[in-house]
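Inspection log for the structure reproduced underneath, given as structure tokens.
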Amino acid sequence: MKTKVTIQDIADALNLSRMTVSKVLNNSPNVSAETRALVLKKAQEMNYKYGSAAAHPIAKGALHRQTKSFAFLMHLTPDAFHIGSGIITQLEQEIRSEGYSLTLHSITEEDIDSLTLPPNLNQNQTAAIVCLEIFHPEYSRLICSLGIPVLFIDAYAGFHSLHLDCTLLMMENRNSTCRMLSALCREHVLTSMGFVGDSSHCVSFRERYESFLLTASEYGVETRPYNLIADDSFYGQDGWIMAHLQKMERLPQLFFCANDVLAQALIQALAELGIHTPGDIMVCGFDGIPSMNTLMNSLTTVHIPCKKLGICAAQLLFHQIQYPGSISGTIYLDTEVHFRESAPCVSESPS
């Protein structure tokens with residue numbers, strides 16, 4: 001029985017050439033970020049042992065030929081509708097112009113539970129680390145203990161209490177949420193609205209939820225009976241939104257969802273109950289990732305500047321590399337409200 005997974009096995013599974021897979025596993029800079037992500041994910045799924053020279057004979061010599069790299073750590077490999085996709089593409093372009101390559105590393109639940117770094121992360125070859133949506137406090141501490149410049153894009157909800165020596169790069173959440181919801185409260189004279197998401201999931205969700213409550217209080221809008229604040233472990237389960245909706249005695253005039261994926265799932269669940277958006281109830285989200293999906297493209301939302309996040313991440317880390325020990329902190333990039341069909345607001349100019 002064949003037990004050892006080879007480079008050719010990975011190539012066959014992805015319908016790629018053996019050469020392309022080999023370039024990824026050797027951290028060659030001449031591979032797109034999207035292809036790199038696919039190969040690393042498949043290698044992990046197939047339990048390919050690319051962390052040792054014995055399992056991967058060309059790896060040992062290749063390590064000495066590699067230029068310094070930026071390591072991009074993520075809990076889940078982003079798809080085309082995730083903010084990470086745009087960030088990775090732009091980040092790779094920025095650092096390549098300065099002679100760096102980008103390596104992608106998918107952090108598993110086992111890695112987090114055991115506080116173990118991914119096997120293909122070579123600390124000696126890593127000039128900086130970018131963490132996208134690493135929401136575990138102790139794992140965040142582990143990464144910041146390596147003596148390598150670290151930048152987080154969004155983070156654990158209690159991140160600031162950890163007092164880590166790193167930079168946190170965020171999309172602006174508070175003002176944009178207040179602006180969007182305030183305009184809708186005035187336009188539609190709202191008396192009820194609900195929040196969908198786990199406010200303890202991450203910094204961005206917490207800031208959006210707090211701004212939701214602040215706006216509701218300012219306009220005297222009722223919220224408590226209408227919030228769907230489930231633990232984020234339910235997010236991947238079919239029917240959890242439907243179950244929560246069916247428990248409600250009545251629905252609010254508007255739901256604000258912590259991101260667009262939740263908004264899409266909510267609209268679909270409402271439709272299954274015969275409740276239409278925006279005729280019966282309005283829905284808005286947050287992220288603004290372009291999509292071929294009609295629901296996503298008609299959603300009132302806040303657009304995140306993914307490319308600017310990638311550019312800013314590179315610039316901030318270049319500065320830390322050039323000036324070790326420089327002051328770290330939290331940086332926010334402006335976002336834009338886009339009013340669309342799911343929660344229209346004619347009093348606001350089109351974004």
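Note that these values count all heavy atoms, side chains included, but never hydrogens, waters or copies made by symmetry. Starting from 1, each residue takes its place in the sequence as its number. Nothing here was measured: the structure is a model prediction, and the numbers come from that model.
Side-chain contact of Gln320 with Thr167: a donor-acceptor pair under 3.5 Å is present, judged by distance alone. No hydrogens or angles considered: a donor-acceptor pair under 3.5 Å links the side chains of Gln253 and Thr191. Looking at Asp260 and Gln264, their side chains never bring a donor and an acceptor atom within 3.5 Å of each other. For the residue pair Ser204 / Asp154, a side-chain donor-acceptor distance below 3.5 Å is found, with atom types taken as modelled. No hydrogens or angles considered: nothing links the side chains of Glu272 and Gln268 as a donor-acceptor pair under 3.5 Å.
Connection of Ile241 to Tyr226 is not established within any shared hydrophobic cluster, with ILVMFWY side chains joined at heavy-atom distances below 4.5 Å, either directly or through further cluster members. By the rule that hydrophobic residues join a cluster once side-chain heavy atoms approach within less than 4.5 Å of another member, Ile311 and Met171 end up as members of separate clusters. The cluster map of Ile, Leu, Val, Met, Phe, Trp and Tyr, joined by side-chain heavy atoms under 4.5 Å apart, puts Leu213 and Tyr219 in the same cluster.
Between Ile331 atom CD1 and Cys312 atom SG the span is 6.5 Å, to the nearest 0.5 Å. Here the OG1-CZ distance, from Thr335 to Arg179, works out to 9.5 Å after rounding to the nearest 0.5 Å. Note that CD1 of Ile87 and NZ of Lys307 are 12.5 Å apart. Values are rounded to the nearest 0.5 Å. To the nearest 0.5 Å, the span separating CZ on Arg340 from SG on Cys345 amounts to 14.0 Å. Between Met180 atom CE and Thr301 atom OG1 the span is 6.5 Å, to the nearest 0.5 Å. Taking CD of Glu348 as the start and OG of Ser182 as the end, the distance is 9.5 Å to the nearest 0.5 Å.
Residues Phe135 and Phe152 keep their aromatic ring centres 6.0 Å or farther apart.
Looking at heavy atoms from C-beta onward, Ser347 lies out of side-chain contact with Phe339 at the 4.5 angstrom threshold. Within the 4.5 Å cutoff, the side chain of Ile88 has no heavy atoms near those of the Leu91 side chain. Two residues are said to be in side-chain contact when any heavy atoms from C-beta on lie closer than 4.5 Å; Thr177 and Tyr209 fail this criterion. A heavy-atom distance below 4.5 Å is found between the side chains of Arg206 and Ser200. Within the 4.5 Å cutoff, no side-chain heavy atoms of Thr103 are placed close to those of Asn122. Using a 4.5 Å heavy-atom threshold, the side chains of Met282 and Pro344 count as touching. Looking at Leu228 and Leu262, their side chains never come closer than 4.5 Å, going by heavy atoms from C-beta outward. Side-chain contact between Leu273 and Gln246 is present, with heavy atoms from C-beta onward closer than 4.5 Å.
When all heavy atoms are compared, the tightest approach of Leu254 to Cys284 is CD2-SG, 4.1 Å. Across all their heavy atoms, Phe256 and Arg208 have their closest contact at CE2-O, 3.8 Å. Of all heavy-atom pairs between Thr300 and Ser342, the closest is N-OG, 2.8 Å. Pairing each heavy atom of Ala263 with each of Cys257, the nearest pair is CA-SG, 3.4 Å. Between Tyr139 and Ile134, the closest heavy-atom pair is CD2-CG2, 4.1 Å. A pairwise comparison of heavy atoms in Ala71 and Leu121 identifies CB-CD1, 3.5 Å as the closest pair.
No donor-acceptor pair closer than 3.5 Å links the side chain of Thr89 to the backbone N or O of Gly86. With hydrogens and angles ignored, the 3.5 Å screen pairs a side-chain donor or acceptor of Ser328 with a backbone N or O of Cys166. Using modelled atom types, one side-chain atom of Glu187 and one backbone atom of Val346 make a donor-acceptor pair closer than 3.5 Å. Side chain of Glu172 to backbone of Arg174: a donor-acceptor contact under 3.5 angstrom is found. Formation of a donor-acceptor pair under 3.5 Å by the Lys68 side chain with backbone atoms of Asn124 is found in this model. Between the side chain of Asp113 and the backbone N or O of Glu110 there is no donor-acceptor pair closer than 3.5 Å.
With sequence neighbours left out, Pro137 forms a side-chain contact (heavy atoms from CB on, under 4.5 Å) with Tyr156, Leu162. Residues that satisfy the side-chain contact (heavy atoms from CB on, under 4.5 Å) test with Leu214, not counting sequence neighbours, are Cys178.
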Could you walk me through whether Glu222 and Arg250 pass salt bridge (Lys or Arg N to Asp or Glu O under 4.0 Å), step by step? CA-CA 12 Å; Glu222 186 181 25; Arg250 62 187 185 279; 3.7 Å; yes

Determine, stepwise, if the pair Leu102 / Leu104 fulfils side-chain contact (heavy atoms from CB on, under 4.5 Å). CA-CA 7 Å; Leu102 184 68; Leu104 303 184; 3.9 Å; yes

One pair to check against ring pair (Phe, Tyr, Trp, His ring centres under 6.0 Å): Phe70 and Phe318. What are the steps and the verdict? CA-CA 10 Å; Phe70 278 38; Phe318 287 155; 5.8 Å; yes

Where do Glu133 and His75 land on the side-chain contact (heavy atoms from CB on, under 4.5 Å) test, with the steps shown first? CA-CA 7 Å; Glu133 299 183 347; His75 192 190; 5.8 Å; no

Test side-chain contact (heavy atoms from CB on, under 4.5 Å) on Ile321 and Tyr100 and set out the steps. CA-CA 12 Å; Ile321 292 169; Tyr100 294 94; 3.9 Å; yes

For Leu25 and Asn120, what are the C-alpha separation, side-chain angles and deciding distance, and is it a side-chain contact (heavy atoms from CB on, under 4.5 Å)? CA-CA 8 Å; Leu25 298 178; Asn120 59 332; over 6 Å; no

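More than 12 heavy atoms of other residues, nucleotides or ligands lie within 6.0 Å of CG in Asp12, so this atom counts as buried by the packing criterion.
Aromatic ring pairs are classed by plane angle as parallel below 30°, tilted from 30° to 60° and perpendicular above 60°; the pair His244 and Trp240 is perpendicular.
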